[in-house]
J.: 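Here you go, one structure.
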Protein chains: 2
Amino acid sequence: MRGPSNPRPARIADVAREAGVSITTVSHVLSSKRPVSAQTRQAVLDAAQRLAYRPTVAARGLATGRTMALGLQFPMEGEHLLLNPYFPLLLGSLSAAAVHDGYSFVLLPARRSSEFPLESLLETQRLDGAILVDPSSTNDLLPLLRDYRVPVVTVGRYLGRARTHWVDNDHAIAIGRVLDHLAEQGYRRPALISLGHERYSYIVDIEDSFRTRTEAAGREPMVIRAEDLSERAGYDAAVTLLDRADRPDAIIAAVDRQAIGVLGAAEELGISVPDELGIVGEGDTVLARNANPPLTTIDPRAAELGAQAIAIIRQILDAGNRPGRMITLTVETRLVVRESTARSGAGPEISPAPAASP
Amino acid sequence: MRGPSNPRPARIADVAREAGVSITTVSHVLSSKRPVSAQTRQAVLDAAQRLAYRPTVAARGLATGRTMALGLQFPMEGEHLLLNPYFPLLLGSLSAAAVHDGYSFVLLPARRSSEFPLESLLETQRLDGAILVDPSSTNDLLPLLRDYRVPVVTVGRYLGRARTHWVDNDHAIAIGRVLDHLAEQGYRRPALISLGHERYSYIVDIEDSFRTRTEAAGREPMVIRAEDLSERAGYDAAVTLLDRADRPDAIIAAVDRQAIGVLGAAEELGISVPDELGIVGEGDTVLARNANPPLTTIDPRAAELGAQAIAIIRQILDAGNRPGRMITLTVETRLVVRESTARSGAGPEISPAPAASP
DNA sequence: CTGAAAGCGCTAACAC
DNA sequence: GTGTTAGCGCTTTCAG
């Protein structure tokens, strides 16, 4: 069935009447801000369910002084070459979680510009909080939000001066898993393609853990920094790597887009994948899935990242943000093994997806 | 100077006091919903200005029954290969205009999925309206929004059954300008790279107008459909085109990303740009600007498109949407001439940017 | 042309 | 453990 069913949405008073209690009680059942007897509680919940009750966002906002709007910024503007097919996944999960909690978004630019009334927005206190995805350390917005005391949660850590709440992948574990997998498949000289500038925590993390792990294994780390996250940059980096005397037999790329470029380079140079060269990407995007051969990739678990980011915001807003006390959350990645590293001919395998660790 | 200045934002009552009138009058001045004497009006405006007054979105929403939230959907999810660096520009302008009018966004997925509580959102939280950017004709969302009577404005026309309000570029004029320019520069056999599926009005428009114009000039239209909007697809299409006996001496690509691919193909085949081949892109993105040589491109005037889309929404909401009466707005593009078509060695030129035509 | 006052739906003192 | 009630800031009848 389809189409609108409730001509007039249920109000809190309707629920109260239906459950035979006062609206106060309904309010408290829904917010759990004061104890309610189990019986009453259940009656209210049932009534709310029956009437498909949803609090009116505006009314709640007016009463609590909240706006129910969150700032949202992600690496798009001015850095188009960083466009990452993983963002859509993340945005989807952020939006789903936000909708669930009654929040909507104000899309924020990474840098101030005359076109966007940023100051006026902040001045009039219209944001309850803000979520910044992969903020570069040169991000203009973060210091500004701090000045205006807007609680900020970043997805990926901010490397600038300010401290923020954050949720991030555990990239050390991720790289460890990749290297273990490559070793198992008999690859001996893995190389890493990262990014030409270290403005993202993600890049720093994968470089560091790759270096550490490789050196621990008694090998010299092969790391090359690509221009950007594009296929082209991946291609260029791969060509350089594969031209070396001690050429790598496996390449880990910072993102799937680059990995696609690596694949192209291998193809062009007549290097067979996965036999002569293993390739690993990151993002678990369609790019990796649809490649030929399909690419082994690190799944950052975007859905989890998004949900946790919103959860942190809610926690801060509900608890009345003790300043200085930062909430940080690590989400484990998942290694998705596909043909691009399946040297042994074993079928694809997928590592278990653990829950976020607190 | 920086940081929060107003500890307590001004309320409508403050403005009323400051101007020596009632809050009713202030409200009416701001909404122009009933006549107010010029004197009083000015006094109120001045007071509001002085106090930097901004209406509280939640309060207004409560009083009017609006949510002040707009659905926003653009081609990201599930169609990652369509990622277009022009979207960030458009999103920026949409967001700026929305903020100005007090609106925030709920990011909507193009297709229903179990992860996103779309039905529940529509049942309850009621969006005031929705903006769909380049909706494909197979878009799931549009029919759903219709069923729930959410006013929809599309950027680019929707080719499915339903009619919507829309704002769109005038692609016929755009292609005309490009062809004129190419002819001036002495190019005689222009070809067009479009998209493999006709699900977007944009693609239909440029193909049609290219065909019409070329045939009118007594030539056979050379049109090839690329796989997607990626550099790779542009490259592949260009290689095919440049392999023909009657090979084109100019290529117009549907988007800048493809045009970059065309450039790569020319380079690889040893075809000089702009001498042997002229290249034109679309989007006026950094991709075109930073290419070597810089690419001539069609500027869709994203800022104007975004502002107009929001303006239409506001008009519908304010006027009380007479159903059936669709608002449509055409925004003229601008041709940005750069080296990739500068055969005559003349410096870059830019066509004037006309205002939106009503 | 202008004002007073009654809500809009919810939260949170303040009672009991 | 539960209910009464006074706002939150704005729009909008209804009076004047």
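As the structure is a computational prediction, the values presented were derived from the model and not from experiment. So you know, we letter chains A, B, ... as the sequences are listed, proteins then strands, and number each from 1.
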J.: With a cut-off of 6.0 Å (strictly less than), are more than 12 heavy atoms of other residues, nucleotides or ligands near CZ of A/Arg11?
T.: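 Yes.
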J.: Which residues pass the salt bridge (Lys or Arg N to Asp or Glu O under 4.0 Å) test with B/Arg17, not counting sequence neighbours?
T.: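 Checked B/Arg17 against salt bridge (Lys or Arg N to Asp or Glu O under 4.0 Å); matches are B/Asp14.
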J.: State whether the number of non-hydrogen atoms from other residues, nucleotides or ligands found under 6.0 Å of B/Arg41 atom CZ is greater than 12.
T.: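 12 or below, so no.
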J.: May I ask you to list the residues of residues 36-50 of chain B, by number, that have any heavy atom positioned under 4.0 Å from an atom of DNA chain D?
T.: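 Nucleic-acid contacts, sorted: none.
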J.: For DNA chain C, determine which residues of residues 97-106 of chain B have any heavy atom closer than 4.0 angstrom to one of its atoms, and list them numerically.
T.: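 Hits under 4.0 Å, by residue number: none.
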J.: Would you please name every residue forming a side chain to side chain donor-acceptor pair (under 3.5 Å) with A/Arg157, sequence neighbours left out?
T.: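 A/Asp168, A/Asp205.
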J.: Applying side chain to side chain donor-acceptor pair (under 3.5 Å), name anything that partners B/Glu115, two or more places apart in sequence or on another chain.
T.: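 With sequence neighbours excluded, B/Glu115 shows a side chain to side chain donor-acceptor pair (under 3.5 Å) to no residue whatsoever.
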J.: Do B/Ile313 and B/Asp101 have side-chain heavy atoms sitting under 4.5 Å apart?
T.: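 Heavy-atom side-chain distance check fails, nothing below 4.5 Å.
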J.: Would you say A/Val21 and A/Val36 make side-chain contact, with heavy atoms under 4.5 Å?
T.: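 Of all side-chain heavy-atom pairs linking A/Val36 with A/Val21, none is under 4.5 Å.
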J.: Pick out which of A/Gln73, A/Arg112, A/Arg146 makes a side-chain contact (heavy atoms from CB on, under 4.5 Å) with A/Leu141.
T.: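 Exactly one option meets the side-chain contact (heavy atoms from CB on, under 4.5 Å) with A/Leu141, and it is A/Gln73.
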J.: B/Ile316 versus B/His165: any side-chain heavy-atom pair under 4.5 Å?
T.: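 A side-chain contact exists here, since the closest heavy-atom pair is under 4.5 Å.
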J.: Between protein and nucleotides 9-16 of chain C, map the contacts as a letter string: B base, S sugar-phosphate only, - none, heavy atoms under 4.0 Å, written 5' to 3'.
T.: BBBBBB--
J.: Look at B/Ser22 and C/dT2 and indicate whether a side-chain polar atom (N or O) is within less than 4.0 Å of OP1 or OP2.
T.: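 For C/dT2, OP1/OP2 do not have a side-chain N/O of B/Ser22 under 4.0 Å.
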J.: Do you know which of B/Leu317, B/Thr328, B/Ile131, B/Leu329 makes side-chain contact (heavy atoms from CB on, under 4.5 Å) with B/Ile312?
T.: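 Exactly one candidate clears the test, B/Leu329.
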J.: Quickly work out the B/Arg126 CZ to C/dC8 C1' distance and round it to whole Å.
T.: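 Result: 17 Å.
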